[in-house]
Trainee: 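Before I ask anything, let me first share the structure, which is written out below as structure tokens.
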Protein chains: 2
Amino acid sequence: MKSTPDNLKIDGIDKEILRFLMKDARKSILEIARNIGISGAAIHQRLRKLESSGLIAGSKFVINPKALGYTTMAYIGIYLDKAMSNPSAVKELEKIPEVLECHYTTGNWSILIKVLCRDNEHLMQVLNKNIQQIEGVSRTETFISLDQQIDRQITI
Amino acid sequence: MKSTPDNLKIDGIDKEILRFLMKDARKSILEIARNIGISGAAIHQRLRKLESSGLIAGSKFVINPKALGYTTMAYIGIYLDKAMSNPSAVKELEKIPEVLECHYTTGNWSILIKVLCRDNEHLMQVLNKNIQQIEGVSRTETFISLDQQIDRQITI
DNA sequence: CCTGAAAAGCCCTCACG
DNA sequence: CGTGAGGGCTTTTCAGG
């Protein structure tokens, strides 16, 4: 089972290890060890501890959407009819591959989603043919990201 | 309708390799090779090709913010005075570690940001003591994410 | 574009300070 | 916590089909 957040003690060396791997998940343990100045075995032990603590959610290759021709990112606020339950809307949104994030939010909308499309025309199709077709979706508000200027993880 | 730019040719095997690594960046080349059914050397060559094509933006360890006590995520729409330039606002936002994303958007706001805070009180402090203090920020609208139900990358 | 082989390097465990 | 040593696996390169 998971350990509780309270018995999680990460020191400066743990933080250094994490900072290296958050930038490059494929960096070798020995290279990190040489950078920090302790043995590979020590890094290995600390990593196992960090993994079993639940702090590490996994690792990912990040692919560059622009290289695949996906250049239009947008946020869409969705109003749902009162009769429409959030879970069944999410189930439909999951089927749309262009939907990368979905948040159940406070405020005007029921749902806020992030979509990634090839271009504005593609975005329009996703809006008209996919999102607006979902039962219970009454209205949407779209905000196109002209430029993403910050993209990072939590600072450790 | 083309889905990829012309100079980039990725076939089914490339896609399989990427799908494995997008899920787990530390999966070994040989393990991928065994799954796909070709030699490790072939996977290695294809990975080098994919890296030099610009398709791969990097790799990341994903850490679990909840394990660090960060449980409140929110989106904040920011209105800027006309006199305030976007780049100088972004420069200030970069200094706030709780700001994870920053988008220059069409629509009502000048800027849409994503923040991650420990709790609602921390969010309030970030709003009052950091964001509202930035020169040129006239008004903000905050949407707390009660639950993030989808979080994924582009489908390959 | 693939392969298998071979050298170099890394992962992981262990016994111990 | 830390270490260094060692067996086994991986990475990386290369000549060849």
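Residue numbering restarts at 1 for every chain, and letters A, B, ... go by the order of the sequence lines. Just so it is clear, the model here is predicted, and its values are computed rather than measured.
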Trainee: Just to confirm, is there a sub-4.0 Å distance from OP1 or OP2 of D:dT10 to any side-chain nitrogen or oxygen of B:R34?
Mentor: yes
Trainee: Taking the minimum atom-to-atom distance to the side chain of B:A42, which one of D:dT11, D:dG2, C:dC2 wins?
Mentor: C:dC2
Trainee: Using atom NZ of B:K49 as one end and atom P of D:dT12 as the other, report the distance to the nearest whole Å.
Mentor: 17 Å
Trainee: Hey, does the side chain of A:S145 reach the backbone of A:M73 with a donor-acceptor pair shorter than 3.5 angstrom?
Mentor: no
Trainee: How do A:I29 and B:A41 order along DNA chain C: which one's closest nucleotide is nearer the 5' end?
Mentor: B:A41
Trainee: Considering residues, nucleotides and ligands other than B:Y70, do more than 12 of their heavy atoms fall under 6.0 Å from its OH?
Mentor: yes
Trainee: What about the rings of B:Y75 and A:Y75, do their centers lie closer together than 6.0 Å?
Mentor: yes
Trainee: Take atom CD1 of A:I38 and atom P of D:dC1, then tell me their distance rounded to the nearest Å.
Mentor: 11 Å
Trainee: Tell me yes or no: between the side chains of A:E141 and A:N108, is some donor less than 3.5 Å from an acceptor?
Mentor: no
Trainee: Can a side chain N or O of A:R48 be found less than 4.0 Å away from OP1 or OP2 on C:dT13?
Mentor: yes
Trainee: Under 4.0 Å, heavy atoms only, any strand: does B:S28 hit a base, just the sugar-phosphate, or nothing?
Mentor: sugar-phosphate
Trainee: Regarding A:L47, tell me which of base, sugar-phosphate or nothing describes its non-hydrogen contacts under 4.0 Å with the strands shown.
Mentor: nothing
Trainee: Of all the nucleotides listed (C:dC2, D:dT3, D:dT11), which has the minimum atom distance to the side chain of A:S39?
Mentor: D:dT3
Trainee: Given side chains that start at C-beta, do those of B:R46 and B:D11 come closer than 4.5 Å, heavy atoms only?
Mentor: yes
Trainee: Quickly work out the B:D11 CG to C:dC2 P distance and round it to whole Å.
Mentor: 7 Å
Trainee: Rounding to a whole Å, what distance do you find between B:Q45:CD and D:dT11:P?
Mentor: 14 Å
Trainee: Starting at CD1 of B:I17 and ending at P of C:dC1, how long is that distance when rounded to a whole Å?
Mentor: 12 Å
Trainee: Remember a base hit wins even if backbone is also touched, and classify A:E31 as base, sugar-phosphate or nothing at under 4.0 Å, heavy atoms.
Mentor: nothing
Trainee: May I have the distance from B:K27 (atom NZ) to D:dT10 (atom P), rounded to whole angstrom?
Mentor: 12 Å
Trainee: Under 4.0 Å: is that the gap between some side-chain N or O of A:H44 and OP1 or OP2 of C:dC11?
Mentor: no
Trainee: Which whole-number value in Å describes the distance from B:I13 CD1 to C:dC1 P?
Mentor: 10 Å
